[in-house]
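This report refers to the structure that appears directly beneath it.
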Amino acid sequence: MRWTFACAATAAALLATSVSHIPARAEAPGEVNIYSYRQPYLIEPLLEEFSAETGIKTNVIFASKGLIERIQAEGRNSPADLLLTTDIGNLSQAVTSGISQPVTSAAIDESIPASYRGTDDEWIGLTRRARVVYASKDRVDQDSITYEELADPKWRGRICIRSGQHPYNVALVASMIAHLGPEETETWLRGVKSNLARKPAGNDRLQVKGVYAGECDLAIGNTYYMGKMLTDEDHPEQKEWAESVKMLFPNTDGRGTHVNVSGVVLAKNAPNKDNALKLIEFLASDTGQNMYAEVNHEYPTKDGVPWSDLVQSWGTFKADPISLNEIAALRKAASEMIDKVGFDDGPSS
């Protein structure tokens, strides 16, 4: 049996939600309880395949926020076995919040590179997404770029980006600090701010819309949004947005393009630990990696797993090999720097 809860408006509302749908302690063998920030349609095909292969039932609670806090509040009686989430920020928050435990598995260690696993294997990266530049096909001639170049005055008034404090951008700035140091990164960030076409707002898709509408020539966004726009049957206009741009992978001829992950955490008090471990191992297997990456238009974290045809059509790139543990450690400094330069105030007059 599988079910999905609607997103609660706040963490408090989540905490007030009845947990009777998942037993306070799932005693029956053959089950695994999943708390997921990833939307149901993105994970259901994988869970169905996992159940078909193992006979283990999967029970899912979905919410867009508050699940880490919920697991904390439930404490030792939490029914959660796994937390599925995106971004190194959420994964590191789960660890620092004390709701995780190390994953011990030779199969996972062999499948997932150390740079995409927590320092003590308290989180496991399952899919990758690159933070790229979407450039206008009509107004941008060049076919390569670096993150450093985004601060070049030639792009004055030509860049669209979402809030600097969004986790995707915090991680990007953290990666710049790791490579350039804080002083040079602050200078760079001020340069990017000066080149903005407008005050940062909206999601990654709306930045691409800005390029389509002629409001800017470059947009910063994650790769999987290209897949979402090209395949969103409910919003066909987004295909036009996507087709108006080309995807540039920054620094692919140098240190590599910044990547982030979606991942999983094994809950500290998992009542079905063995089954949870089996599910993580499935998600790290060739089958799980291929399915998970394809349905999300993302890249596998396991080397050698083929990319989907759509993702392959975007071209190859070199991923920045820096460990995401280093990125996580610099997120606080990056967030403070973003506020210091007033990035979200938009371009200076």
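Sorted by first then second residue, the salt bridge (charged side-chain N to carboxylate O under 4.0 Å, His left out) pairs that include residues 206-218, not counting sequence neighbours, are Arg139-Asp217, Arg158-Asp217, Arg198-Glu215. Counting only residues at least two apart or on different chains, the side chain to side chain donor-acceptor pair (under 3.5 Å) pairs with a member in residues 315-329 are Thr119-Asn325, His179-Asp320, Ser323-Asn325. Annotation: disulfide bond (SG atoms under 2.5 Å apart) contacts involving residues 155-195, sequence neighbours excluded, comprise Cys160-Cys216. Applying the salt bridge (charged side-chain N to carboxylate O under 4.0 Å, His left out) test to every pair with at least one member in residues 113-128, sequence neighbours left out, gives these pairs: Asp109-Arg117, Arg117-Asp121.
Other residues, nucleotides and ligands contribute at most 12 non-hydrogen atoms within 6.0 Å of the CD atom of Glu110. Atom NZ of Lys332 has 12 or fewer neighbouring heavy atoms from other residues, nucleotides or ligands inside a 6.0 Å radius. Shown here is Lys268, whose NZ atom has no more than 12 heavy atoms of other residues, nucleotides or ligands within 6.0 Å. The number of heavy-atom neighbours closer than 6.0 Å to NZ of Lys246, taken from other residues, nucleotides and ligands shown, is above 12. More than 12 heavy atoms of other residues, nucleotides or ligands lie within 6.0 Å of CD in Gln142, so this atom counts as buried by the packing criterion. The environment of Glu237 atom CD is dense: over 12 non-hydrogen atoms of other residues, nucleotides or ligands sit within 6.0 angstrom.
Applying the side-chain hydrogen bond (donor to acceptor under 3.5 Å, both in side chains) test to Glu294 and every residue at least two apart in sequence or in another chain returns nothing. Looking at residues two or more places apart in sequence or on another chain, you find no ring-ring contact (aromatic ring centres under 6.0 Å, His included) involving Tyr225. Under the side-chain hydrogen bond (donor to acceptor under 3.5 Å, both in side chains) criterion, Glu240 pairs with Tyr212, sequence neighbours left out. Listed by chain and number, the residues in a side-chain contact (heavy atoms from CB on, under 4.5 Å) with Glu184 are Leu180 (sequence neighbours excluded). Remark: Asp141 engages no residue in a side-chain hydrogen bond (donor to acceptor under 3.5 Å, both in side chains) (not counting sequence neighbours). Qualifying ring-ring contact (aromatic ring centres under 6.0 Å, His included) partners for Phe343, counting only residues two or more places apart in sequence or in other chains: none.
Scanning both residues, Tyr134 and Met226, for their nearest heavy atoms gives OH-N, 3.3 Å. Closest of all the heavy-atom pairs between Leu266 and Ile280 is CB-CD1, 4.3 Å. Listed here is the closest heavy atom pair of Ala293 and Tyr299: CB-C, 4.0 Å. Closest of all the heavy-atom pairs between Ala276 and Val32 is CA-CG2, 3.7 Å. The two atoms that bring Ala80 and Pro271 nearest to each other are O-CD, 3.6 Å, heavy atoms only. Closest approach of Ser51 to Ile56, counting heavy atoms only: OG-O, 2.7 Å.
Here CZ of Arg331 is found 6.0 Å from CG of Asp87. Values are rounded to the nearest 0.5 Å.
At a threshold of 4.5 Å between non-hydrogen side-chain atoms, the residues Leu150 and Ile159 count as touching. By the 4.5 Å heavy-atom criterion applied to side chains, Tyr147 and Thr257 are counted as neighbours. Looking only at side-chain heavy atoms (C-beta outward), Tyr37 and Leu83 come within less than 4.5 Å of each other. Counting heavy atoms from C-beta outward, Thr85 and Ile68 have side chains that stay 4.5 Å or more apart. Taking 4.5 Å as the limit, every side-chain heavy atom of Tyr35 sits out of range of all side-chain heavy atoms of Leu84. A 4.5 Å side-chain heavy-atom check between Thr223 and Met247 finds at least one atom pair inside the cut-off. With a 4.5 Å cut-off on side-chain heavy atoms, Arg129 and His258 do not count as touching. For the pair Phe317 and Val259, the minimum side-chain heavy-atom distance is below 4.5 Å.
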Going through the checks in order, is the salt bridge (charged side-chain N to carboxylate O under 4.0 Å, His left out) test met by Glu183 and Arg190?
CA-CA 11 Å; Glu183 291 185 7; Arg190 291 185 185 278; over 6 Å; no
Test Thr185 against Met337 for side-chain contact (heavy atoms from CB on, under 4.5 Å), laying out the working first.
CA-CA 9 Å; Thr185 299; Met337 184 181 293; 3.7 Å; yes
Run Val211 and Gln207 through side-chain contact (heavy atoms from CB on, under 4.5 Å) and show every step you take.
CA-CA 7 Å; Val211 176; Gln207 312 316 310; over 6 Å; no
From CA spacing to verdict: side-chain contact (heavy atoms from CB on, under 4.5 Å), Val264, Trp123
CA-CA 6 Å; Val264 63; Trp123 58 264; over 6 Å; no
Would you check, one step at a time, whether the test side chain to side chain donor-acceptor pair (under 3.5 Å) holds for Gln238 with Lys228?
CA-CA 9 Å; Gln238 294 188 8; Lys228 288 180 178 291; over 6 Å; no
Step by step, work out the side chain to side chain donor-acceptor pair (under 3.5 Å) result for Asn251 and Glu148.
CA-CA 9 Å; Asn251 300 80; Glu148 288 83 350; 3.1 Å; yes
side-chain contact (heavy atoms from CB on, under 4.5 Å) between Val103 and Leu277, worked out
CA-CA 8 Å; Val103 173; Leu277 185 58; 3.7 Å; yes
Just list the side-chain donor-acceptor pairs under 3.5 Å for residues 302-311, sequence neighbours left out, or say none.
from: Lys302; atom 1: NZ; to: Asp286; atom 2: OD1; distance (Å): 2.5
from: Ser308; atom 1: OG; to: Val311; atom 2: N; distance (Å): 3.2

Throw together a table of side-chain donor-acceptor distances under 3.5 angstrom for residues 164-174, partners on residues two or more places apart or in other chains.
from: Gln165; atom 1: OE1; to: Ser335; atom 2: OG; distance (Å): 2.8
from: Gln165; atom 1: NE2; to: Ser335; atom 2: O; distance (Å): 2.9
from: Gln165; atom 1: NE2; to: Ser335; atom 2: OG; distance (Å): 3.3
from: Gln165; atom 1: NE2; to: Asp339; atom 2: OD1; distance (Å): 3.0
from: Gln165; atom 1: NE2; to: Asp339; atom 2: OD2; distance (Å): 3.4
from: His166; atom 1: ND1; to: Tyr168; atom 2: N; distance (Å): 3.1
from: His166; atom 1: NE2; to: Arg162; atom 2: NH2; distance (Å): 3.4
from: Tyr168; atom 1: OH; to: Tyr224; atom 2: OH; distance (Å): 2.7
from: Asn169; atom 1: OD1; to: Arg131; atom 2: NE; distance (Å): 3.1
from: Asn169; atom 1: OD1; to: Arg131; atom 2: NH2; distance (Å): 2.9
from: Asn169; atom 1: ND2; to: Arg162; atom 2: O; distance (Å): 3.3
from: Asn169; atom 1: ND2; to: Ser163; atom 2: O; distance (Å): 2.9

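Of the possible polar contacts, one joining the Thr96 side chain to the Gln93 backbone as a donor-acceptor pair under 3.5 Å is found. The backbone N or O of Ala328 sits nowhere less than 3.5 Å from a side-chain atom of Ser92 that would complete a donor-acceptor pair. Checked by atom type and distance alone, the side chain of Gln289 pairs as donor or acceptor with a backbone atom of Leu126 at under 3.5 Å.
In summary, Lys340 and Glu336 do not engage in a salt bridge, as defined by a charged side-chain N under 4.0 Å from a carboxylate O.
Taking hydrophobic clusters as Ile, Leu, Val, Met, Phe, Trp and Tyr residues chained together by side-chain heavy-atom distances below 4.5 Å, Ile327 does not share a cluster with Ile220.
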